[in-house]
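Notes follow once the structure below has been shown.
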Amino acid sequence: MSMKGEPGKAAYINARILDPASGFDGPGELLTVGEEVADIGPKLFDGKPPADATVVDCEGQCLAPGLVDMRVQLREPGEEHKEGLKSGGEAAIAGGVTTLACLPNTNPIMDDEATLEFVARRARQLALTKVYCYGAITKGLRGEELAEMGLLADAGALAFTDATKAVADAQVMRRALQYAATFDLMVVQHPEEPALATGVVNSGEMATRMGLSGIPREAEIIMLERDIRLAEMTGGRYHAAHISTSDSVAIVKAAKEKGLRVTCDTAPFYFALNELAVGDYRTFAKLSPPLRSEEDRAAIAEGLKAGIIDAIASDHAPQDQDSKRLPFPQAAFGGSGLETLLAVSLDLYHNEALSLLDVMRRLTCAPAELLGLKAGTLAKGRKADLIIFNPDEGWKVVADDFKSKSKNSPFDGRPVQGRVLRTVVDGRIVYDTFSAESAQPAQRAAKA
Amino acid sequence: MRDPVFPHRHLLGIEGLCPAEINHLLDLSDRYVEMNRGPVKTSDSLRGRTIVNIFFENSTRTRTSFELAAKRLGADVINMQVGASSVSKGETLIDTAVTLNAMHPDVLAIRHPDSGAAKLLADKVNCAVVNGGDGSHEHPTQALLDALTIRRRRGKLSGLLVAICGDVLHSRVARSNFHLLLTMGAQVRIIAPRTLIPSAIERMGVEVFTDMTAGLKDVDIVMMLRVQNERMRGSFIPSVREYFRFFGLDREKLAQAKPDALIMHPGPMNRGTEIDSDVADDYERSVIREQVELGVAVRMAVLEVLAQNNAAEMEQASTPKVRVATP
């Protein structure tokens, strides 16, 4: 039953369907025709799937929309020794990510259409995950002059960000929000006041003990508070990336209650790890923003539960060995995230009392909606981007086995629960460990 | 055989050591103090061993102290001063470690401007590593020599009230010292302007003061820290004269301490910045020169124990595993 190459017709039966956009969680069946979802329902086929369809027996596993990852660095063009559209694409589909948005901090920078178009074309040719781009807020990510947001948006930029750099100048940020609002575009900030963020780990006892310079929580809090004032002043659409403190959650909550167009995301690092992970000078846990205290970690998980944090993004930041095998202060920031996104996020379901549907919402339809993408749902007529996964299967993260070129995962060696079994993009199977297992129908039938 | 009381492979920091281990190193050091004062200053306990001093930061006294300690024990010593030049050539600490390791040293003494560098080196080589100062993290032999100085003068460490004054934020000496002193049952006060006090320091069991007069009240020991000049130009401190006025140790401030309080400084001193010459040179109170003297003895003790443990480790590694005869 090969569906590789031309997408045909597939009937998924015996699945637990999770479609957060419609709020459906239950046994169900789904039909894809060509690149699209043709129909979905609890008893769609009534025991008689169409004769010309390939029947996929999901064996009770979860069938969900493919993940939409709104914060990924793919490093191509410019740093292909760390990652590329191919290796990153393969990492994405192995992680169940069928749509991603990559940051503009490539070389050349995505502050003109040519780079955006290059990435889009390469990604189309590779036909792995779907790759969209952010445009730069400022030319050269220098934080000074506005980039051509209108033209970039026309060329496909989904939203605007200066990637891992904060737009520090208040006047520039004000103008960016105003100008972006002209075209109803979203501005995504790395909320961290650079003048306060000169350290390498979270300020506090851990930093003091290790003799490492600290980045206070206030670096994030101050920038977030300033930006929200500017969003209020300009009416712009503002999104804070990877928030990491309890105060940030409270600030975003207040902004939402006020009716401002403010949203935010976080990365699994910030609800699954705390600053203790940098013990023994582990440079793989050197992240930006830094891992925070246990109280902050718990508050981020709580913020996700309460729905204040809109989305979960991997914040995939591949770094090669040479950038990480250095004394801690010299090592690069960032962690690999694509291949652990689902499993680590499912911590929230297993340990933090979020429903499976709520976790999936923050990984699928919520980020898709923020980016204005028709993705992250199993609705009829939408593209057949989906995953089959087992939320309970335990495995151990082994970074050396990653598809990604870089192995800098702070989760290396961590036991996790939840495994992607198959990834389908536009009706084509692009990643599959499921059919190999289900290759013995006789045995399975005997078991049943 | 490994030293039964101090079985560790490396000395990367004081944090985590227990009182028995610290006392053991100090007892061994005491023996070497006597030897260093006698007519025959060398032994052959490390004959045939190779000690490499690898310094990524300029240092005269610590390097000399390690070198002399190794020579007095009969070891072969190599000094490598790795300047900014080889770092700019792209050679990393790990490259250096691999190169050095190929030369089969027994002990590496490292100084590096980055916290955690000694640990990184220790992970990559198969010999003993002694931390000669890594960034703002630790400088364990300095804390041991300070402790030895105090113990010889006061006969004990526990129960003493010690004030550590100055740039605690950037000081590895301060960290190693308060770990050691607290472990040994002394009470530690930190005295500095707020800009030079690391966050959450009080969680480590020290008392924080921002006023020298209050902080020095009734202390047994005054440890001054060096303040780098580049931090005195407005970034952390407005000026040298302002710093000296409020935080420099002079007679007047010292009068708050116990009449027989000892004055210590890890060197090199900035006279007129953190300490008044009048106080620094008071040989009744100041034990600064004695610290330098005892530093050699402490490093002899540390090198000897680590070399011994390393030899035991190597022997164990090279002993052929018992083979099960196959029929």
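The sequence lines fix the lettering, A, B, ..., with proteins before strands; numbering per chain opens at 1. None of the values given here were measured: they were computed from a predicted structure.
Other residues, nucleotides and ligands contribute over 12 non-hydrogen atoms within 6.0 Å of the NZ atom of A/Lys407.
Heavy-atom pairs under 4.5 Å with chain A were tallied for B/Gly116, B/Pro198, B/Pro113; the largest tally goes to B/Gly116. Each of B/Ser136, B/Ala117, B/Ser171 has some count of heavy-atom pairs under 4.5 Å with chain A, and the biggest count is that of B/Ser136. No other option in B/Leu120, B/Asp123, B/Leu121 has as many heavy-atom pairs under 4.5 Å with chain A as B/Leu120.
Listed here is the closest heavy atom pair of B/Ser199 and A/Gly204: OG-N, 2.9 Å. Nearest heavy atom pair, residue A/Gly211 against residue B/Ser115, reads O-OG, 2.5 Å.
Here the NE2 atom belonging to B/His137 is positioned 11.5 Å from the OG1 atom belonging to A/Thr208, to the nearest 0.5 angstrom. In this structure, CG on A/Leu326 lies 8.5 Å from CG on B/Leu93, to the nearest 0.5 angstrom. The CG atom of A/Asp322 sits 7.5 Å away from the OG1 atom of B/Thr92 when rounded to the nearest 0.5 Å. With values rounded to the nearest 0.5 angstrom, A/Arg209 atom CZ is found 9.0 Å from B/Ile201 atom CD1. Atoms CG and OH, from B/Asp114 and A/Tyr281 in turn, are 10.0 Å apart once rounded to the nearest 0.5 Å. One finds the CE atom of A/Met210 at 11.5 Å from the CD atom of B/Glu138 (value rounded to the nearest 0.5 Å).
Residue B/His170 does not touch chain A at all, counting heavy-atom pairs closer than 4.5 Å. Within the 4.5 angstrom heavy-atom criterion, no atom of B/Arg172 approaches chain A.
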